[in-house]
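Note on naming: letters A, B, ... go to the chains in the order of the sequence lines (proteins, then strands), and numbering restarts at 1 for each one.
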2 protein chains.
Amino acid sequence: MCAVSTSRPYHHGDLPAALLHAALGLLEDGEPFSLRAVARRAGVSPNAPYRHYADKEALLAALATYGFGRLADRLEAAAELTDMAEEYVSFALAHPGLFRLMYGRPTANAAAARTAEILAGRVTAPALQIGAWAMVHGLAVLLLDGKLTCPDPAQLVRATVAAVLTPAVRG
Amino acid sequence: MCAVSTSRPYHHGDLPAALLHAALGLLEDGEPFSLRAVARRAGVSPNAPYRHYADKEALLAALATYGFGRLADRLEAAAELTDMAEEYVSFALAHPGLFRLMYGRPTANAAAARTAEILAGRVTAPALQIGAWAMVHGLAVLLLDGKLTCPDPAQLVRATVAAVLTPAVRG
DNA sequence: CGCGAATGTATACACTGCGCACATTAGGAA
DNA sequence: TTCCTAATGTGCGCAGTGTATACATTCGCG
């Protein structure tokens, strides 16, 4: 059958990127995430993604490493530990779906470790490095899950870092 | 049709409790969690649970509040902040499915708040209370997600609390 | 031009959560 | 005792999911 001129071409051009973009869109919009929904949003058949990603996990893993890259960029742009903590939490709150996905995948632990290293760059003692990461991550997760309600999360982060981390670093 | 004598009775007796138990078993065994699997494990038809729980969320919410109860018991039995932190993390590592479920439900925030209060009982300053909870929870989550590998988690918790929380509390 | 490889589509299966109608049973009323 | 009603469990069906398999279309190279 001949394609009508107005129809889009059989071959998409750059489906892998389009799929990633569509998946990100689903996460940002908080819509239920399914491979079929991703394909739908990319305007492609339900099985087309399988040409580029082995399975759903593979797409999610790609999303996770992308997310860790974005987070690392943000962290590296911060000057002090307090700023990094604030960026970390604000990233989580701005992209809840992506953030949860990043830390939920057993894959992409290397990317997570790199993120941790950037954070640790502002701290000296090893126990403090882990403690700082854990506290900031804990704040992010608790806020994300609604276990810690607060009108001004950024302020909360700064106060908590000042009360806990700063004395420990000085100590 | 007449029931054969060896078959179990039509009415279960205490299905709600049996369903909770079956669900817990699924979580502990790390098997994929589905309402049908819960019903299967309880030896009952796929739709029987709907007589006792409005939907899947309701069952999960019941599980979550149960889990928070168990965690609170453990925390209250601990004498010092360090012990509580260790209990918190060890609970998470011992019951990963249940722990993730507890903090993943938007419901049962009251139970989570109660847990936080128990933890806060060992700390005075408000910012420190939140910081302590966040750090301990962060350690639990990072360990659970495999982002923080460590041969002896309990030791890690004690060291981190000693390095970060104790100095901050001392002021 | 022609053919093979890459890419997208169609169809199909097992599984899920869940609504609806029906079967079975328990427990009180006559 | 017998019967009736409400509680409880079952069967069937629907929409939606991940994914395997077979097919159609198109691009790029000879």
Side-chain angles (χ1 to χ4, degrees), chain A residues 1-27 29-64 97 100-101 104-107, chain B residues 1-27 29-64 97 100-101 104-107:
Chain A
M1 181 195 296
C2 297
V4 184
S5 61
T6 57
S7 77
R8 67 199 163 60
Y10 191 92
H11 287 287
H12 182 283
D14 191 2
L15 230 202
L19 289 173
L20 266 189
H21 189 251
L24 265 182
L26 279 185
L27 287 180
D29 297 358
E31 294 178 25
F33 191 97
S34 78
L35 247 192
R36 293 171 112 101
V38 171
R40 225 174 292 140
R41 193 178 253 245
V44 96
S45 96
N47 278 26
Y50 285 93
R51 289 293 151 187
H52 306 277
Y53 297 97
D55 56 1
K56 191 187 182 184
E57 278 306 302
L59 209 187
L60 292 178
L63 272 177
R100 259 192 265 263
L101 191 151
R105 290 308 102 189
T107 336
Chain B
M1 180 193 295
C2 297
V4 185
S5 62
T6 58
S7 77
R8 65 202 163 60
Y10 193 90
H11 287 288
H12 182 283
D14 192 2
L15 230 200
L19 289 172
L20 266 189
H21 188 252
L24 266 183
L26 279 184
L27 286 181
D29 297 357
E31 294 178 25
F33 191 97
S34 79
L35 248 192
R36 291 173 113 100
V38 172
R40 228 173 289 142
R41 194 178 254 244
V44 96
S45 96
N47 279 23
Y50 286 94
R51 288 292 150 186
H52 306 278
Y53 297 98
D55 57 0
K56 191 186 182 184
E57 278 306 303
L59 210 185
L60 293 178
L63 272 177
R100 259 192 265 263
L101 190 151
R105 291 307 100 189
T107 336

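- Evaluation of atom-type donor-acceptor distances gives a pair under 3.5 Å for the side chain of B:Arg36 against the base of C:dG17.
- Between A:Arg41 and A:Asp29 the shortest side-chain heavy-atom distance falls below 4.5 Å.
- Phosphate proximity of C:dT16 to B:Ser34: present, with a side-chain N or O under 4.0 Å from OP1 or OP2.
- In terms of heavy-atom proximity, A:Ala18 sits nearest to A:Ala42 at O-CB, 4.5 Å.
- Note: CG (B:Leu35) to C1' (D:dG9) measures 15 Å, nearest angstrom.
- For A:Arg36, the side-chain contact (heavy atoms from CB on, under 4.5 Å) criterion is met by A:Ser34, A:Arg40, A:Pro46, not counting sequence neighbours.
- Near DNA chain C, defined here as any heavy-atom distance below 4.0 Å, the residues from residues 15-27 of chain A are A:Leu15, listed numerically.
- Residues A:Tyr50 and A:Asp55 share a closest heavy-atom pair of CE2-CA, 4.0 Å.
- Using a 4.5 Å cut-off on side-chain heavy atoms (C-beta onward), B:Val38 and B:Leu20 make no contact.
- To the nearest angstrom, P of D:dT10 lies 14 Å from CZ of B:Arg40.
- Counting heavy atoms from C-beta outward, A:Leu60 and A:Tyr53 have side chains that stay 4.5 Å or more apart.
- Listed here is the closest heavy atom pair of B:Leu19 and B:Pro49: CD1-CA, 3.7 Å.
- When side chains are defined from C-beta on, B:Asn47 does not count as touching B:Leu35, because their heavy atoms never get closer than 4.5 Å.
- Near-neighbour residues of DNA chain C inside residues 47-57 of chain B, defined by a heavy atom below 4.0 Å, number-ordered: B:Asn47, B:Tyr50, B:Arg51, B:Asp55, B:Lys56.
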